[in-house]
Amino acid sequence: MSETDRPDPAPESTAPYGSGPAAADPSAAVAPRKRVRVHHLRAMKERGEHFAMLTSYDQLTAQIFDQAGIPVLLVGDSAANNVLGYETTLPVTVDELLPLVRAVTRGSHSALVVADLPFGSYQSSPEQALATSVRFMKEGGAHAVKLEGGGTVVPQVAAIVAAGIPVMAHIGFTPQSEHGLGGYRVQGRGDAGDDLVRGALALQRAGAFAIVLEMVPGDVAKRVTAELSIPTIGIGAGVDCDGQVLVWQDMAGLRSGPMPRFVKRYADLRTTLSEAATAFAADVADLAYPGEEHTFH
Ligand code: KIV
């Protein structure tokens, strides 16, 4: 391909961090944004500003969400079901997630990129948890890691934080323990609410910078959020958390099938993509594509 045949390069991310969602025109030239750091999230909690986190597993969604002003991108182990075709998150490995983390860190300029530690990569010991976290930081370029579990993973959180790596915790329904929790169900109802609060406080003491609360009753999440000085990020945990997270394919309507009650769809990408693919195939069959304008002479 000659230089003149090449398409224009993609526009750089330029919207300022803290100015809210980026302008509708992502190529609008404004000052470069600063990288979001964990203290910014804490400051947002203190100011009562609620923030969004989305999953991302590739360069282009990372770029789009970054330019849209999403301050935190999570390369979740949910890549297992949403990218790699596994039934659950249990089989996905560090080696499978690392290239996705690299793609997201390359694609984003401003967002804090959090790498999820997959099942089996941190539970054995604090040493194992630290070694896995170091791989995500060194080889993936992540800015923080996330792991699932309450009181039982406090030693792991403490060891990772002691090495200077920011840790996001994840309690309530924790998909990696789905079998142990008796299936996909709300956690922390009744007396279990007190355990959840105790677990959250222990994780904060161990040095976690934020805690994901998944499928927790709204009043329990509100209590946890009020008792902690670090931000809570809800997924199926009501409106009182400091932040909210969704899996991007759920949020954008790419995935089909029944959705959990907490999912809100903001687009219908599945229909859009399906219509585009159908139209492309029809054009090819009818010799309507490529046209004269797509043909080199
Ligand atoms: O892996 C993931 O996507 C997650 C979010 C649902 C919080 O852990």
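Order of listing sets the numbers, starting from 1, for every ligand and every atom in it. Computed from heavy atoms alone, side chains included, the values below leave out hydrogens, waters and symmetry copies. It should be emphasised that the depicted structure is a prediction, and the values quoted were computed from it without experimental measurement.
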**Message:** Hydrophobic clusters here meaning ILVMFWY residues chained together by side-chain heavy-atom distances under 4.5 Å, can you tell me if L117 and Y86 are in one?
**Reply:** yes
**Message:** Quick check on the hydrophobic clustering: are I171 and L246 connected, directly or via other members, by side-chain heavy-atom contacts under 4.5 Å?
**Reply:** yes
**Item:** Spacing of OG1 belonging to T61 relative to CD1 belonging to I70, to within rounding of 0.5 Å
**Value:** 11.5 Å
**Request:** Starting at CG of D58, measure out to CZ of R106 and round the result to the nearest 0.5 Å.
**Result:** 12.0 Å
Measure and list all N/O to N/O distances between ligand 1 and the protein that fall under 3.5 angstrom.
unit_1, atom_1, unit_2, atom_2, d
ligand 1, 1 (O), D77, N, 3.3
ligand 1, 1 (O), D77, OD1, 2.9
ligand 1, 1 (O), S78, N, 3.2
ligand 1, 1 (O), S78, OG, 3.2
ligand 1, 1 (O), D116, OD2, 3.1
ligand 1, 3 (O), S78, OG, 2.4
ligand 1, 8 (O), K146, NZ, 2.9

**Message:** Which residues end up grouped with Y289 if you chain together Ile, Leu, Val, Met, Phe, Trp and Tyr wherever their side-chain heavy atoms are less than 4.5 Å apart?
**Reply:** F280, V284
**Item:** Donor-acceptor contact present, side-chain D116 to main-chain V75, <3.5 Å
**Value:** no
